[in-house]
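One structure is given below, encoded as structure tokens.
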Amino acid sequence: MENIEKRNQIWAFIVTGILILTSFLYYKVNVYYMYLIVYIWFGFAYGMMLQYGRFCMASASRDLFAAGVPRMAVGILIALIFFSLVGVVLSITNMSTFHPGPLGPHELIGGIIFGVGMVLAGGCASGSLYKIGEGNGTSILSIMGIAFGQAIFVDIGGVFNRLMPQSWMDRANATTWIPADKMTSWFDHFLAGYVFTKRQILLSETKVIKSLAGEGNIRYFIGDSLVNTIIPAAVVLLLIYYFYTRKGFIKKRKKKKGSTGLSDELAGIWNIITASQRTTMMGVLIGITAGIHILTMKGMQLRFGVNNFGQLLTRMGHSVDVSITGKVFDPGYWYITTQEAQFAGWIMEKVGWNVRDNVFFGVMNGLPELWRNPALWMSIGIIFGAMVMALLKKEFKFKLPKGELIIWGLGGGLLMGVGARVALGCNIGAFFIRVAGGDPGGWLFGLGMVLGGYAGVKFFNWWTERKMAKEMEAF
Amino acid sequence: MAMKFEKVGDGKYMLDVCGYVCPHPQIYCKKSLEKMEEGDVLELIFDNPSSGETIVQMCDQAGHEILEKKEEGGKLIYMIEKG
């Protein structure tokens, strides 16, 4: 037993050492790579926290519907509240890199597709990454599904363009700032003909909030944090308590005390917050870390006088990496999925597929070499961080995907990839970051995830019941 | 790879979901307990640590008691008495 512990510790040191060495080498090559190194280490921190707290958004709706366990849903709500409070400070000090997404029903639809996919795959986008760090082979398939699902989805055109409404096609083709040779896929027409016409709403900048809270800094707290995050999160928390845990908790209390009152209800709510201390604790830490990450990225941008890593790549002579707008994907905060799409796009390009003839890669996100892709390094950091934590907790075990898990992992990943592109983000970029940042559209994606998760659970309930019945024939 | 749910004795059952990842271990565990009588004991064998946290809370909320938790060769074994 001691030998295993020792061996795991050595591997944890080796993995950490590799990342330290990598960071040092990048720094030696060019000081601009400090920007990329920051992504690596925030990814590493996210990975450690995700693994320690078993922080997977798929389990938020799935465990609630399938097992009646609210720990993850509560953990996410706590993380949202803390992240939004840090976000207020960043907005007040003008150190935020957050920008809201286009608001529309595509966020709900994308959320539903993503929600079904994450339940089938057994993990959300961030959850699948941390589970790779635990040695979970099914999660590797999920991430590959997310990566290639997106890259193919954004690039296919031809007959698929006929599926787009004519009004979107007309509007997209009338767009002047996108070159015609980049407007080729159905996704390009969806973006230019529909998504880009949608309003982007930040609650603190709305007339309603400004009339309530004035033009001062307090509007960031009232609009983005209180109205968009804290109150809805509290309502969801109360609903979870009422529908999932209240009955059992009050029954236990009545048995013990004879009668119950308001103090018992409050104790019940506190109980669901503290039921899984490690998840709640990580919720607090992840929320704060996500805020500090934004601050650090903004600091990097100010330090180098840029607002996108693509400008630094160009300065270093790597202009082939960037899009025609001179940018690469550089969210400036915690984000998953687009960098995975770039990973798949990079492979597809190497085997001869022209993936730059579209808006997603060609105009918006670029296609940097894998080793110069800052957000991809964040994902690698998450895997390595989770691996170190799993090794230290003796929870690392490499498991090859087998049997039905291959289908669930890959199929779920593909659905997550498609859902993430429709909504322009995943459980992190389209939900977590947007909600805490003050974008009400984040809740639309969240609602979609819950609905999709419910459908996924219904399917798995049917599937497992069938298998259980077969097993019980022998009894 | 296949899950195994067997009656191994009077009031004793065994569920082996090794190789399975989330959400399968927790769903199979819940369904197995639903098929059993109060007081019956389930030996749950799994190797997906992420499922453990959910299973512990699920048992706590449903009134099932985890009699023993152990780890053997990378496998997690929980003895659960249905409440």
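In what follows, chains are A, B, ... by sequence order, proteins preceding strands, each numbered from 1.
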How far apart are the closest heavy atoms of [X] and [Y], and which atoms are they?
| X | Y | answer |
| --- | --- | --- |
| A:R71 | B:S50 | NH2-O, 4.4 Å |
| A:T464 | B:K31 | OG1-CE, 3.1 Å |
| B:E53 | A:S276 | OE2-OG, 2.7 Å |

Table please: side-chain donor-acceptor pairs of residues 115-128 of chain A below 3.5 Å, with sequence neighbours left out.
| from | atom 1 | to | atom 2 | distance (Å) |
| --- | --- | --- | --- | --- |
| A:S126 | OG | A:N427 | ND2 | 3.1 |
| A:S128 | OG | A:G123 | O | 3.4 |
| A:S128 | OG | A:C124 | O | 2.8 |

Once the angle between the rings of A:F460 and B:H24 is folded into 0 to 90°, is it parallel (under 30°), tilted (30 to 60°) or perpendicular (over 60°)?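 A:F460 vs B:H24 ring planes: perpendicular.
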
* Under 4.5 Å, counting heavy-atom pairs only, tell me which of A:R62, A:K397, A:Q51 racks up the most with chain B. =>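 Looking at each of A:R62, A:K397, A:Q51 in turn, A:R62 comes out on top.
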
- Taking every heavy-atom pair that is under 4.5 Å apart, which of A:E465, A:K393, A:K131 has the most such pairs with chain B?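 Sorted descending by pairs with chain B, the first entry is A:E465.
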
Roughly how far, to the nearest 0.5 Å, is the CG atom of A:N136 from the SG atom of B:C22?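 Taking SG in B:C22 and CG in A:N136, the distance rounds to 8.0 Å.
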
Problem - B:E34 vs A:M468 side-chain heavy atoms within contact, under 4.5 Å - result: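 B:E34 does not reach A:M468 side chain to side chain.
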
* Asked: Using a distance-only test with no angle check, is there a side-chain donor-acceptor pair under 3.5 angstrom linking B:Y28 and A:E471?
  ->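 There is no such pair (donor and acceptor under 3.5 Å, judged by atom type) between the side chains of B:Y28 and A:E471.
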
- [ ] With sequence neighbours excluded, give me every salt bridge (Lys or Arg N to Asp or Glu O under 4.0 Å) pair touching residues 49-60 of chain A.
- [x]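 Of all non-adjacent pairs touching residues 49-60 of chain A, those that pass salt bridge (Lys or Arg N to Asp or Glu O under 4.0 Å) are A:R54-A:E134, A:R54-A:E395.
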
task: Tell me the residues of residues 54-62 of chain B whose non-hydrogen atoms fall below 4.5 Å from those of chain A, in number order.
output: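 From residues 54-62 of chain B, the residues near chain A are B:T54, B:Q57, B:M58, B:D60, B:Q61.
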
ask   = Going by residue number, which parts of residues 74-83 of chain B are within reach of chain A, meaning a heavy-atom gap below 4.5 Å?
value =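 The list, in residue order, reads B:G74.
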
